[in-house]
Colleague: 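Just passing along the structure, written as structure tokens.
Keep in mind that the numbers below use all heavy atoms, side chains included, and drop hydrogens, waters and symmetry copies.
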Amino acid sequence: MEKLNGAAQAVRALEDLGVTEIFGYPGAAVVDIYDELYNSKKIHHTLARHEQGAVHEADGYARASGKVGVALVTSGPGATNTVTAIATAYMDSIPLVVLSGQVSTGLIGTDAFQEVDMVGVTRPVVKYSFLCKKPEDIVPNIRKAFYIASTGRKGPVVVDIPKNCQSKRYVFDYEPKADVHLRSYNPTVFGHRGQVRRACDELLKARSPVLLLGGGVVQGNACDEARKLARLLRLPVVSTFMGLGAYPGSDSQFLGMLGMHGLFVANETMNGSDLVLAVGCRFADRATNNVKKFCPDATIIHIDVDPASISKTVHADIPIVGDAKVVLGQILQVISESEVRDNSELDAWWKKINTWREVHPLGYTRKEGMIRPQEFIEKVYEKTKGLNPLVTTDVGQHQMFTAQFFKFDSPRSLISSGGLGTMGFGVPAAVGAQKALPDRLVLCITGDGSFQMCMQELAVARKYSMPLKIFILDNSVLGMVRQFQTVFYHHRYAGTNLDFNPDFVKMADAFGCAGFRVKPGDSLDEAVDRALSVKDRPCIVDVITDTNAIVLPWQRADGSMIEMILDEEDS
């Protein structure tokens with residue numbers, strides 16, 4: 001049996017787990033692992049420019065590829081800089097393993113230089129965490145971390161590795177193929193057959209059903225099954241923000257995103273339904289509005305791999321714990337063996353839905369001498385829809401406009417921070433996504449506020465000549481907060497004016513990227529074409545947009561699904 005030191009064992013374990021990409025930032029507490037990475041012929045290391053950026057890059061890589069993302073950082077501030085990014089992955093159930101360095105075991109608890117209790121700091125925002133107390137813990141903990149991160153409800157796992165456990169002076173046997181056994185962790189995969197049968201019976205007799213798809217459908221690779229079920233039963237389909245792409249956005253059965261800034265037809269359909277089949281969603285507040293008024297006449301069937309998510313906010317009449325792909329497969333099997341339903345009542349339901357579509361279609365008012373952000377996103381979609389783009393966003397108005405006006409036809413085509421709402425996510429996530437899918441067109445739609453949070457990661461994109469297209473919807477304000485101030489705080493704009501933004505075009509040049517500005521009156525067609533023509537490096541497009549734009553529809557706070565502000569005059 002081969003004898004290796006702790007650092008070498010860490011790298012070998014990662015290689016054996018199939019890791020080919022690591023995103024990180026070195027320091028004294030992990031320099032031994034970095035020294036072993038130098039020898040690895042299987043793992044490529046991407047040097048981020050900030051530890052938050054490193055974990056966002058690993059996150060983007062995981063979302064785009066479906067694999068476990070891996071980040072490596074040093075102790076103390078290196079470790080604490082990852083917390084926001086770990087929380088981002090946790091809220092969206094993204095499989096990540098974060099390896100953090102730690103001071104030597106004999107120094108733990110002494111306030112040593114760059115000592116932080118990483119396990120304690122991250123406990124609320126990880127699925128699990130490990131502290132390696134001896135060198136022999138490293139490999140088993142890494143293997144357990146990958147298993148936990150990638151099964152059940154996926155999520156980030158931290159492995160904290162003290163410096164002395166990595167020592168080159170202590171070598172011991174490396175076990176190449178040890179199985180992972182965790183007595184207390186056994187995620188349920190198959191749905192209870194009785195509950196599946198009950199769900200199918202309710203589905204087949206429902207008069208006004210709706211299929212609600214959440215991010216768990218994407219993360220659980222259950223999109224094919226969801227699409228088959230929707231088409232088999234002619235179900236109207238809505239999605240949460242994180243579920244966009246699970247069902248083709250351009251398909252006539254898809255009604256759009258529901259919730260706070262959801263489409264009128266989606267919210268009306270949810271509210272008027274007599275049955276909601278919800279798959280892989282958390283029923284978060286931005287999706288439901290007031291839960292006491294949520295879908296008052298509907299039977300709720302809730303499928304989720306995480307039992308803690310079921311009936312946490314919205315009571316499930318028929319709860320089914322299990323893997324989304326497997327449970328939907330079970331439902332399809334039962335329905336295929338059942339009697340064909342009478343479609344007359346479903347025809348009436350679709351007639352009502354199509355009326356809602358016509359009454360308040362998604363739209364906006366064009367303004368002379370201004371570029372409306374919706375207008376620009378529509379143009380980007382029009383120009384790229386045949387190129388199968390992958391879109392990352394940051395958080396704010398541009399994120400919601402993208403959800404509304406960009407039609408995502410395939411899963412993992414939209415990568416964005418849904419649960420935590422992390423500004424600064426877009427650029428590093430785009431870097432990670434491009435690493436995962438080097439031949440895919442990757443677009444980042446961001447705002448001038450969000451872009452400045454992690455813009456240092458442009459250096460990584462330029463180093464690898466990534467042809468990212470970064471569209472900055474530049475309104476010189478923090479748009480979403482300002483929207484609240486406009487409507488609810490009598491135009492008292494406290495702390496939301498970005499008065500001294502840098503020149504983003506000059507910044508692009510400083511990073512070695514292509515860059516240009518689009519002003520009102522410029523051709524949007526030419527602008528998007530120009531960006532798409534850049535193939536050898538990132539291209540930053542600074543788009544000067546309307547400062548006063550408001551994201552509509554907009555649900556009224558504490559109301560039902562259908563209590564919405566629908567036009568700018570009403571707002």
Colleague: May I ask you to test the V73-N81 pair for a side-chain heavy-atom distance under 4.5 Å?
Modeller: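 No. Closest side-chain heavy atoms not under 4.5 Å.
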Colleague: Does E21 reach the main-chain N or O of Y61 with its side chain, forming a donor-acceptor pair under 3.5 Å?
Modeller: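 No, the answer is negative, given that no donor and acceptor are paired below the 3.5 Å cut-off.
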Colleague: Answer yes or no: is there a donor N or O on one side and an acceptor on the other, between the side chain of D59 and the main chain of V55, under 3.5 Å?
Modeller: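 Not at all, since once roles are kept as given, no pair shorter than 3.5 Å links the two residues.
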Colleague: Quick check: closest heavy atoms across S150 and V68, and the distance to 0.1 Å?
Modeller: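 Shortest heavy-atom contact: CB-CG2, 3.8 Å.
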Colleague: Using atom types as modelled and distance alone, determine if a side-chain donor or acceptor of K435 lies under 3.5 Å from a backbone N or O of I22.
Modeller: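 Absent.
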Colleague: Output yes when a side-chain donor or acceptor of K127 lies under 3.5 Å from a complementary backbone atom of R153, and no otherwise.
Modeller: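 Confirmed, K127 side chain pairs with R153 backbone.
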Colleague: Tell me, please, which residues at least two apart from R234 pass salt bridge (Lys or Arg N to Asp or Glu O under 4.0 Å).
Modeller: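 D347.
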Colleague: Do E563 and R556 sit within salt-bridge range, that is, some charged N less than 4.0 Å from a carboxylate O?
Modeller: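 Salt bridge: no.
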Colleague: Return yes if some donor-acceptor pair links the side-chain N/O of T422 with the main-chain N/O of F425 below 3.5 Å, else return no.
Modeller: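 No: the side chain of T422 does not pair with the backbone of F425.
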Colleague: Tell me whether the centres of the aromatic rings in H398 and F451 are closer together than 6.0 Å.
Modeller: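 No, the ring centres sit 6.0 Å or more apart.
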Colleague: C454 vs Q456, test: side-chain contact (heavy atoms from CB on, under 4.5 Å). Steps then yes/no.
Modeller: CA-CA 5 Å; C454 284; Q456 74 283 341; 3.9 Å; yes
Colleague: Looking only at atom types and distance, does a side-chain atom of R412 sit under 3.5 Å from a main-chain N or O of A64, one as donor and one as acceptor?
Modeller: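 No, because the side chain of R412 does not come within donor-acceptor range (under 3.5 Å) of the backbone of A64.
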Colleague: Compare every heavy atom of P209 with every heavy atom of W349, then report the nearest pair and how far apart it is.
Modeller: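 Closest heavy-atom pair between W349 and P209: NE1-O, 2.8 Å.
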Colleague: What is the minimum heavy-atom distance between L213 and A226, and which atoms define it?
Modeller: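 So the minimum-distance heavy-atom pair works out to CD2-CB, 3.9 Å.
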Colleague: Check the side chains of D92 and Q219 for a donor-acceptor pair under 3.5 angstrom, ignoring hydrogens and angles.
Modeller: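 No.
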Colleague: Calculate, to the nearest 0.5 Å, the distance between atoms CG and CG belonging to L414 and L443 respectively.
Modeller: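 Going from the CG atom of L414 to the CG atom of L443 covers 11.0 Å.
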Colleague: If we ignore hydrogens and angles and just use 3.5 Å, is the side chain of D251 paired with the main-chain N or O of Q253 as donor and acceptor?
Modeller: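 At least one qualifying donor-acceptor pair exists.
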Colleague: I'd like to know if E382 pairs up with K379 as an ion pair, taking the criterion as any Lys NZ or Arg NE/NH1/NH2 lying under 4.0 Å from an Asp or Glu carboxylate oxygen.
Modeller: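 Yes, this pair counts.
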Colleague: Begin with the C-alpha distance, continue with both residues' side-chain angles, and end with the deciding distance and a verdict on side-chain contact (heavy atoms from CB on, under 4.5 Å) for Y25 and T82.
Modeller: CA-CA 11 Å; Y25 205 96; T82 68; over 6 Å; no
Colleague: Pairs in or reaching into residues 398-409: which pass salt bridge (Lys or Arg N to Asp or Glu O under 4.0 Å), with residues at least two apart or in two chains?
Modeller: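 For residues 398-409: none.
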Colleague: How long is the straight-line distance from CG of N388 back to CG of L441, given to the nearest 0.5 Å?
Modeller: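 If I round to the nearest 0.5 Å, the distance is 8.5 Å.
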Colleague: Without swapping roles, check the side chain of T240 against the backbone of G243 for a donor-acceptor pair under 3.5 Å.
Modeller: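 It does hold such a pair.
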Colleague: Could you state the interatomic distance from CE (M455) to CD1 (I470), rounded to the nearest 0.5 Å?
Modeller: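 If we round to the nearest 0.5 Å, M455:CE and I470:CD1 are 12.0 Å apart.
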Colleague: Decide whether R440 and S413 meet the rule of one side-chain donor and one side-chain acceptor closer than 3.5 Å.
Modeller: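 There is such a pair between these side chains.
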Colleague: Keeping D542 on the side-chain end and V505 on the backbone end, is there a donor-acceptor pair under 3.5 Å?
Modeller: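 Such a contact is absent between D542 side chain and V505 backbone.
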Colleague: For the atom pair CZ (R227) and CG (L211), what is the distance rounded to the nearest 0.5 Å?
Modeller: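 Spacing of CZ (R227) from CG (L211) equals 11.5 Å.
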Colleague: Would you call S465 and D536 a side-chain contact if the rule is heavy atoms closer than 4.5 Å?
Modeller: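 They are not in side-chain contact.
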Colleague: Go through I540 and L458 one step at a time and tell me if the side-chain contact (heavy atoms from CB on, under 4.5 Å) criterion holds.
Modeller: CA-CA 10 Å; I540 290 109; L458 280 177; 3.9 Å; yes
Colleague: Of all the heavy-atom pairs spanning S476 and D474, show the shortest one and how long it is.
Modeller: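 Shortest heavy-atom separation between S476 and D474 comes out as N-OD1, 3.3 Å.
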Colleague: Output yes when a side-chain donor or acceptor of Q52 lies under 3.5 Å from a complementary backbone atom of T84, and no otherwise.
Modeller: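 Answer holds: no.
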Colleague: Would you check if L478 and L498 make a side-chain contact, meaning some heavy-atom pair closer than 4.5 Å?
Modeller: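 L478 vs L498: side chains touch.
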Colleague: Can you tell me if OH on Y489 sees more than 12 non-hydrogen neighbours from other groups inside 6.0 Å?
Modeller: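 Not more than 12 within 6.0 Å, no.
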Colleague: In terms of ring plane angle, is the pair H261 and W554 parallel, tilted or perpendicular, where the classes change at 30° and 60°?
Modeller: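 The arrangement is tilted - the two ring planes meet at 30° to 60°.
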Colleague: Within a reach of under 6.0 Å around NZ of K352, are more than 12 heavy atoms found that belong to other residues, nucleotides or ligands?
Modeller: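 12 or below, so no.
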Colleague: State, without any angle test, whether T402 and T393 hold a side-chain donor-acceptor pair at a distance under 3.5 Å.
Modeller: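 Looking only at side-chain atoms, T393 and T402 do not form any donor-acceptor pair under 3.5 Å.
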Colleague: Without hydrogens or angle criteria, can the side chains of E57 and T46 be said to hold a donor-acceptor pair below 3.5 Å?
Modeller: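 Not at all, the side chains of E57 and T46 share no donor-acceptor pair under 3.5 Å.
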Colleague: To the nearest 0.5 angstrom, please state how far the CG atom of L212 sits from the CG atom of L275.
Modeller: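 L212 atom CG to L275 atom CG measures 11.5 Å (nearest 0.5 Å).
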Colleague: Can you tell me how far the NE2 atom of H56 sits from the OG1 atom of T392, to the nearest 0.5 Å?
Modeller: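 Nearest 0.5 Å value for the NE2-OG1 distance: 11.5 Å.
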Colleague: Would you please indicate if the ring centroids of Y364 and F405 are separated by under 6.0 Å?
Modeller: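 Y364 vs F405: aromatic centres under 6.0 Å.
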Colleague: Kindly determine whether V391 and I445 satisfy side-chain contact (heavy atoms from CB on, under 4.5 Å), including the steps that lead there.
Modeller: CA-CA 7 Å; V391 180; I445 298 175; 4.0 Å; yes
Colleague: Do any pairs count as a side-chain hydrogen bond (donor to acceptor under 3.5 Å, both in side chains) and have a residue in residues 280-297, sequence neighbours left out, and if so which ones?
Modeller: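 Matches after skipping sequence neighbours: N290-D558.
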Colleague: Salt bridge or not between R517 and D503? Use side-chain N to carboxylate O under 4.0 Å.
Modeller: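 Judged by the 4.0 Å cut-off on N to carboxylate O distance, R517 and D503 do form a salt bridge.
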Colleague: Answer yes or no: is there a side-chain heavy-atom contact under 4.5 Å between P236 and W350?
Modeller: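 Yes, at least one pair of side-chain atoms sits under 4.5 Å.
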